[in-house]
Chemist: 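Pasting a structure here, questions to come.
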Amino acid sequence: MATVYSQSLPRQIETARMPGHWLLAKLGKCVLRPGGIELTRVMLRALEVCSDDEVVEFAPGLGLTAQEVLRSNPRAYTAVERDENAAARLARRLGPGRVIHASAECTGLPARCASAVYGEAMLSMQTPEQKLRIVQEARRLLRPGGRYAIHELCAVPDFLPQETMREMQRRMSLNIHVGVRLLTARNWKALLEQCGFRIEFEAKAPMHLLEPKRVVRDEGAARTLRIVWNVLRDRQARSRVLQMRALFRDYRDHLQAIALVARKA
Ligand SMILES: C[S@@+](CC[C@H](N)C(=O)[O-])C[C@H]1O[C@@H](n2cnc3c(N)ncnc32)[C@H](O)[C@@H]1O
C-alpha cells in the first residue's frame with residue numbers, strides 16, 4: 001500500500017492528511033474493520049457462502065476477507081472498490097474479471113446477479129443518502145432470498161443523546177480525515193429493513209481496532225512486528241495512530257462494531 005499511496009504528495013503532508021484507514025494500511029495493517037477478523041468470521045459463518053453462491057463484495061480494501069470467502073469456492077466472486085489504486089492492486093492479486101473499479105452506489109452490475117452481497121467498514125463513512133443508495137444497490141444485485149451482510153461501526157446505546165452522537169462524529173471525522181456518520185444498532189436494522197431486507201443475524205464486538213491484543217489477533221506476530229517497526233520509524237504517523245487510539249478509548253462506552261446478516265424479502 002505504501003508505494004501505491006505515496007506517489008503524489010510529499011510524505012509528511014500526505015501522512016498528516018491521509019484517511020485513517022489508508023494510513024494504517026501504509027503502516028502494514030491489513031485488517032481495517034472495527035470488529036476485527038473475529039467479527040468478520042462470525043459474519044461469514046452466518047452468511048454461509050457455499051459453492052452455489054455468486055458473491056459480490058463492496059469495498060474489499062486490501063482483500064483479506066475476499067481470501068476467506070474464496071476458500072468456500074463460490075461459483076462467482078466480484079469485488080467493487082471505489083479507490084482506483086486499491087482496485088488495481090486487488091485485481092492483480094485475484095486475477096482478471098474479479099474486481100470492478102466503481103462505487104457501491106452504482107456498480108454497473110446486472111440486477112439479480114448475486115446470491116450474497118457483503119461489505120465491511122464502508123457504510124459508516126457515507127452520508128445518509130449514500131448509505132441508502134448502497135443498501136438499495138445491494139438489494140438490486142440480489143436475487144429474491146439473497147443475503148446481505150454488513151460489518152460496521154455502531155454507536156451505543158440505541159438511544160444515545162444526539163448531542164453525544166454529533167460530538168463523536170465531529171471528533172472522529174477530524175481525527176480520521178474521513179466523514180464518519182455513525183448509526184446505532186437500531187438505526188442499522190431500520191436502514192436495512194427500509195430497503196426491503198429482513199434481519200436474520202446480529203453480533204457485536206468491542207471497537208478494539210488499535211488495541212495491542214486485537215492487532216496481534218488480526219495481523220499475526222510477524223505483521224504486527226512490521227507495523228510496530230513502521231510506527232516507530234515515522235514520528236508523524238505514530239502521532240496520528242496514537243491520537244486515533246486515544247479517541248477510540250475516549251469513546252469506548254459509546255463505540256462498538258456490529259455485524260448484521262439480512263435476507264432480501
Ligand atoms: C476502512 S476501509 C475497509 C476495507 C475492507 N473492507 C476491510 O474491512 O478491511 C474502507 C474501504 O471502502 C472503500 N470504499 C469507500 N466507499 C466506497 C464506495 N462507495 N464504493 C466502493 N468502495 C468504497 C475504500 O476505498 C476502502 O477500500
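Counting convention: from 1, in listed order, for ligands and their atoms alike. Computed from a prediction, not measured in an experiment: that's the story for all the values here.
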Chemist: In Å and rounded to the nearest 0.5 Å, what is the CG to CG distance from L153 to L182?
Modeler: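 It is 6.0 Å, given to the nearest 0.5 Å.
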Chemist: Would you check the N or O atoms of F58, main chain and side chain alike, for any that come under 3.5 Å of an N or O of ligand 1?
Modeler: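 No.
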Chemist: Show your working on salt bridge (Lys or Arg N to Asp or Glu O under 4.0 Å) between E202 and K189 and close with a plain yes or no.
Modeler: CA-CA 9 Å; E202 173 182 353; K189 287 186 266 189; 2.7 Å; yes
Chemist: For V80, is the nearest heavy atom under 4.0 Å from an atom of ligand 1?
Modeler: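 Yes; V80 lies near enough to ligand 1 that a heavy-atom distance drops under 4.0 Å.
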Chemist: Please report whether ligand 1 has a polar contact with Q126, defined as an N or O pair separated by less than 3.5 Å (distance criterion only).
Modeler: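 Yes.
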Chemist: For ligand 1, which atoms sit closer than 4.0 Å to a heavy atom of D83?
Modeler: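 Those qualifying, in numeric order: 25 (O).
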Chemist: Do you know which two heavy atoms are closest between I134 and M122, and how far apart they sit?
Modeler: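 That closest heavy-atom pairing would be CD1-CE, 3.9 Å.
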Chemist: For atom 27 (O) of ligand 1, grab the closest protein heavy atom and report residue, atom and distance to one decimal in Å.
Modeler: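 Heavy-atom neighbour on the protein nearest atom 27 (O) of ligand 1: E81 OE1, 2.8 Å.
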Chemist: Which residue, F197, W188, Y118, forms the ring-ring contact (aromatic ring centres under 6.0 Å, His included) with Y148?
Modeler: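 When ring-ring contact (aromatic ring centres under 6.0 Å, His included) is applied between Y148 and each of F197, W188, Y118, only F197 qualifies.
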Chemist: Is the closest heavy atom of G20 to ligand 1 under 4.0 Å?
Modeler: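 No.
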Chemist: How close does the nearest protein non-hydrogen atom get to atom 7 (C) of ligand 1, and which residue and atom is it?
Modeler: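 Answer, as residue, atom name and distance: R33 NE, 3.5 Å.
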Chemist: Which bit of Q130 is near ligand 1, meaning a heavy atom under 4.0 Å away: side chain, backbone, both or neither?
Modeler: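 For Q130, there is no contact with ligand 1 at all, from either part.
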Chemist: With heavy atoms of W22 as the reference, note each atom of ligand 1 found under 4.0 Å away.
Modeler: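 So the answer, numbered in order with elements, is 25 (O), 26 (C), 27 (O).
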Chemist: Step by step, work out the salt bridge (Lys or Arg N to Asp or Glu O under 4.0 Å) result for R143 and E54.
Modeler: CA-CA 10 Å; R143 290 191 275 281; E54 286 167 284; 2.7 Å; yes
Chemist: Return the residue, atom name and 0.1 Å-rounded distance of the protein heavy atom closest to atom 2 (S) of ligand 1.
Modeler: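 Answer for atom 2 (S) of ligand 1: H21 CD2, 3.7 Å.
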Chemist: Which atoms of ligand 1 are found less than 4.0 Å from any heavy atom of E120?
Modeler: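 Answer for ligand 1: 3 (C), 6 (N), 8 (O).
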Chemist: Does any N or O of ligand 1 fall below 3.5 Å from an N or O anywhere on E57, backbone included?
Modeler: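 Such a contact does not occur with ligand 1.
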Chemist: Strictly by modelled atom types, are R33 and T65 linked by a side-chain donor-acceptor pair under 3.5 Å?
Modeler: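 Checked: R33/T65 side chains pair up, N/O donor to acceptor below 3.5 Å.
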Chemist: Answer with yes or no whether the side chains of S51 and N73 bring together a donor and an acceptor at under 3.5 Å.
Modeler: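 No pair is found: no donor N or O on one side chain lies under 3.5 Å from an acceptor on the other.
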Chemist: At a non-hydrogen distance cut-off of under 4.0 Å, which region of Y118 contacts ligand 1 (side chain, backbone, both, or neither)?
Modeler: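 Under 4.0 Å from ligand 1, Y118 contributes no heavy atoms.
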Chemist: Work out which heavy atom in R93 is nearest to a heavy atom in G63; give both atom names and the distance.
Modeler: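 It is NH1-O, 4.3 Å.
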Chemist: So which protein heavy atom does atom 19 (N) of ligand 1 come closest to, and at what separation?
Modeler: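 Of every protein heavy atom, S103 OG, 3.1 Å lies nearest to atom 19 (N) of ligand 1.
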Chemist: Judging by distance only, is a nitrogen or oxygen of A104 under 3.5 angstrom from one on ligand 1?
Modeler: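 Yes; at least one N/O pair falls below 3.5 Å.
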Chemist: Any idea which protein heavy atom is nearest atom 21 (C) of ligand 1, and the distance to it?
Modeler: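 The protein heavy atom lying closest is R82 N, 3.3 Å.
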Chemist: Here's a test for you: under side chain to side chain donor-acceptor pair (under 3.5 Å), which of K26, R240, Q236 qualifies with T15?
Modeler: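 Exactly one option meets the side chain to side chain donor-acceptor pair (under 3.5 Å) with T15, and it is K26.
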Chemist: If we check salt bridge (Lys or Arg N to Asp or Glu O under 4.0 Å) with E105, which of these qualifies: R133, R140, K131, R82?
Modeler: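 With E105 as partner, salt bridge (Lys or Arg N to Asp or Glu O under 4.0 Å) holds for just one option, R133.
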Chemist: Given E68 and T40, is the side-chain hydrogen bond (donor to acceptor under 3.5 Å, both in side chains) satisfied, shown in steps?
Modeler: CA-CA 10 Å; E68 302 242 343; T40 293; over 6 Å; no
Chemist: Could you name the option among A121, G119, P19, A59 that has the heavy atom nearest to atom 13 (C) of ligand 1?
Modeler: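 Minimum heavy-atom distance to atom 13 (C) of ligand 1 goes to A59.
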Chemist: Closer than 4.0 angstrom: is that true for some heavy atom of P60 and an atom of ligand 1?
Modeler: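 Right, P60 reaches ligand 1.
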Chemist: Taking distance alone, with N or O pairs closer than 3.5 Å, would you say E105 contacts ligand 1?
Modeler: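 Not met; the criterion fails.
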Chemist: Per the side-chain contact (heavy atoms from CB on, under 4.5 Å) rule, which among L94, V80, T78 passes with V99?
Modeler: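 For V99, the side-chain contact (heavy atoms from CB on, under 4.5 Å) test succeeds with only one of L94, V80, T78, which is L94.
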